[in-house]
Amino acid sequence: MSSKYLPYDVSDIDTLLNEPWEISDQPFMLHAAYALNCLYDIVAPEDDEEFTPDDMWGNKIEKKILDRMVLDIEADFNDAATNRKPVRIWDKSYSIRKVNAYDHSRLHLIFNFPLENGEYTITKEGVLNLTGVSDPILKPYEISKEQAQINRTYLRQIIMLAEDDENDGWDQLTDMEIVVYCWALFYNKHQFDNFIQFKKEYQDYLYVTEKEILSCLNEKSTLRQKPVGMYAFSHNKIQKWNQDNYQESAAIKIPASKAEDYWYDVALKKTFKPIDQR
């Protein structure tokens, strides 16, 4: 197996397992999610319904099985890309976009698991980022799994509050939380990171400066100097902004479990409520 490429960081692994739609415009990452889904299907016990994708780490798989499987996965993914067919990842269908933006010939290098006695041990560190070698100087811009979860939960709290019309939830958002909600609407609609277009479409709802918006981005977005992905903003930075501007956050008081349930049971199914209905 290959060791030419570096592994994904922990927050990226979490995204591959739980939020593949977040990276649906990045073919290498979408392939990684697809490969992990295929791997999970092989190692998951048939009689254990509580076995989750996170439970596959540390499991073993025969070398000959995985070596054959990565070639099949590569062939299936490339066939879907070439013929514009969707791939199934964690029970949902995804179209492969930007099919000319990735090297179709190296997808089989996706895993680099430790080998012993003819068996691979499945590890997070063995899932490789095939986009290329990362510069060590970028390490400070990686997001930990814990921080990524906090950022996700905060966005879902904001969405739940924004859509709580019975209790005037929209009016309880801080000015920066409104930006975060608008960005979620924009990204969910377009699935691309166009900050200029975002500012144009939502200019009537942006009550803060561009400099303030950029100051509240997460580490990965800060590196790009624009919002990147659905979870582009940092919970910690926004809370600091709220405090500095004397705006109390009602969103963070919503129990995380309720926000999670609302996200999956309501928000995603309705594709969010149009902002012009406020």
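At least one donor-acceptor pair closer than 3.5 Å links the side chain of N59 to the backbone N or O of M56. No side-chain donor-acceptor contact under 3.5 Å links E201 to the backbone of F198. The closest donor-acceptor contact from the side chain of D193 to the backbone of G229 lies under 3.5 Å. Looking only at distances, a side-chain donor or acceptor of R106 sits under 3.5 Å from a matching main-chain atom of L130. Side-chain N or O atoms of Q247 include one that pairs as donor or acceptor with a backbone N or O of D175 at under 3.5 Å. At least one donor-acceptor pair closer than 3.5 Å links the side chain of W90 to the backbone N or O of L16. At distances below 3.5 Å, at least one donor-acceptor pair connects side-chain atoms of N151 with backbone N or O atoms of H235. Put simply, the side chain of N245 gets close to the backbone of W241: a donor and an acceptor are under 3.5 Å apart. For D164 (side chain) and M160 (main-chain N/O), no donor-acceptor pair under 3.5 Å exists by modelled atom type.
Residues R84 and I96 are not in side-chain contact: their nearest non-hydrogen atoms beyond the backbone lie 4.5 Å or more apart. In this structure, M230 and N188 have side chains that are in contact, with non-hydrogen atoms separated by less than 4.5 Å. You'll find the side chain of T123 reaches within 4.5 Å of the side chain of P114, heavy atoms only. Looking only at side-chain heavy atoms (C-beta outward), V179 and F233 come within less than 4.5 Å of each other. Looking at heavy atoms from C-beta onward, L217 lies in side-chain contact with P227 at the 4.5 angstrom threshold. Proximity of D244 to K240: side-chain heavy atoms (C-beta onward) are separated by under 4.5 Å at one or more points. Contact annotation: the side chain of K220 never approaches that of L223 to less than 4.5 Å [non-hydrogen atoms, C-beta and beyond]. A heavy-atom distance below 4.5 Å is found between the side chains of D67 and Y120.
Across all their heavy atoms, E177 and N242 have their closest contact at OE2-ND2, 3.8 Å.
Between E210 and K199, at least one side-chain nitrogen of the basic residue sits less than 4.0 Å from a carboxylate oxygen of the acidic one, meeting the salt-bridge criterion. Classification of K253 and E248 as a salt-bridged pair holds, one side-chain N sitting under 4.0 Å from a carboxylate O.
If you take CG on N78 and OG on S105, they are separated by 8.5 Å, rounding to the nearest 0.5 Å. Y262 contributes atom OH, which lies 10.0 Å from atom CG of L161 (distance to the nearest 0.5 angstrom). Taken from NE2 in H31 to CD1 in I89, the straight-line distance is 9.5 Å, to the nearest 0.5 Å. Rounding to the nearest 0.5 Å places CG of N194 at 8.5 Å from NE2 of H190.
Residues passing the salt bridge (Lys or Arg N to Asp or Glu O under 4.0 Å) test with D91: none are found, sequence neighbours excluded. The salt bridge (Lys or Arg N to Asp or Glu O under 4.0 Å) check on K85 picks up D79, with sequence neighbours excluded.
Using bins of under 30°, 30° to 60° and over 60° for the plane-to-plane angle, the ring pair F77/Y34 lands in the tilted bin.
Aromatic rings of W183 and Y202 (six-membered ring for Trp) have centroids beyond the 6.0 Å cut-off, not under it.
Under the 4.5 Å side-chain heavy-atom criterion for Ile, Leu, Val, Met, Phe, Trp and Tyr, I158 and L206 are members of the same hydrophobic cluster.
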> Please walk me through it: do E125 and F113 pass side chain to side chain contact (heavy atoms under 4.5 Å, CB included)?
Replying inline: CA-CA 8 Å; E125 297 77 16; F113 299 139; over 6 Å; no

Identify all side-chain donor-acceptor contacts of residues 38-46 below 3.5 Å with residues at least two apart in sequence or on another chain.
from: Y40; atom 1: OH; to: F51; atom 2: O; distance (Å): 2.5
from: D41; atom 1: OD2; to: N37; atom 2: ND2; distance (Å): 3.4

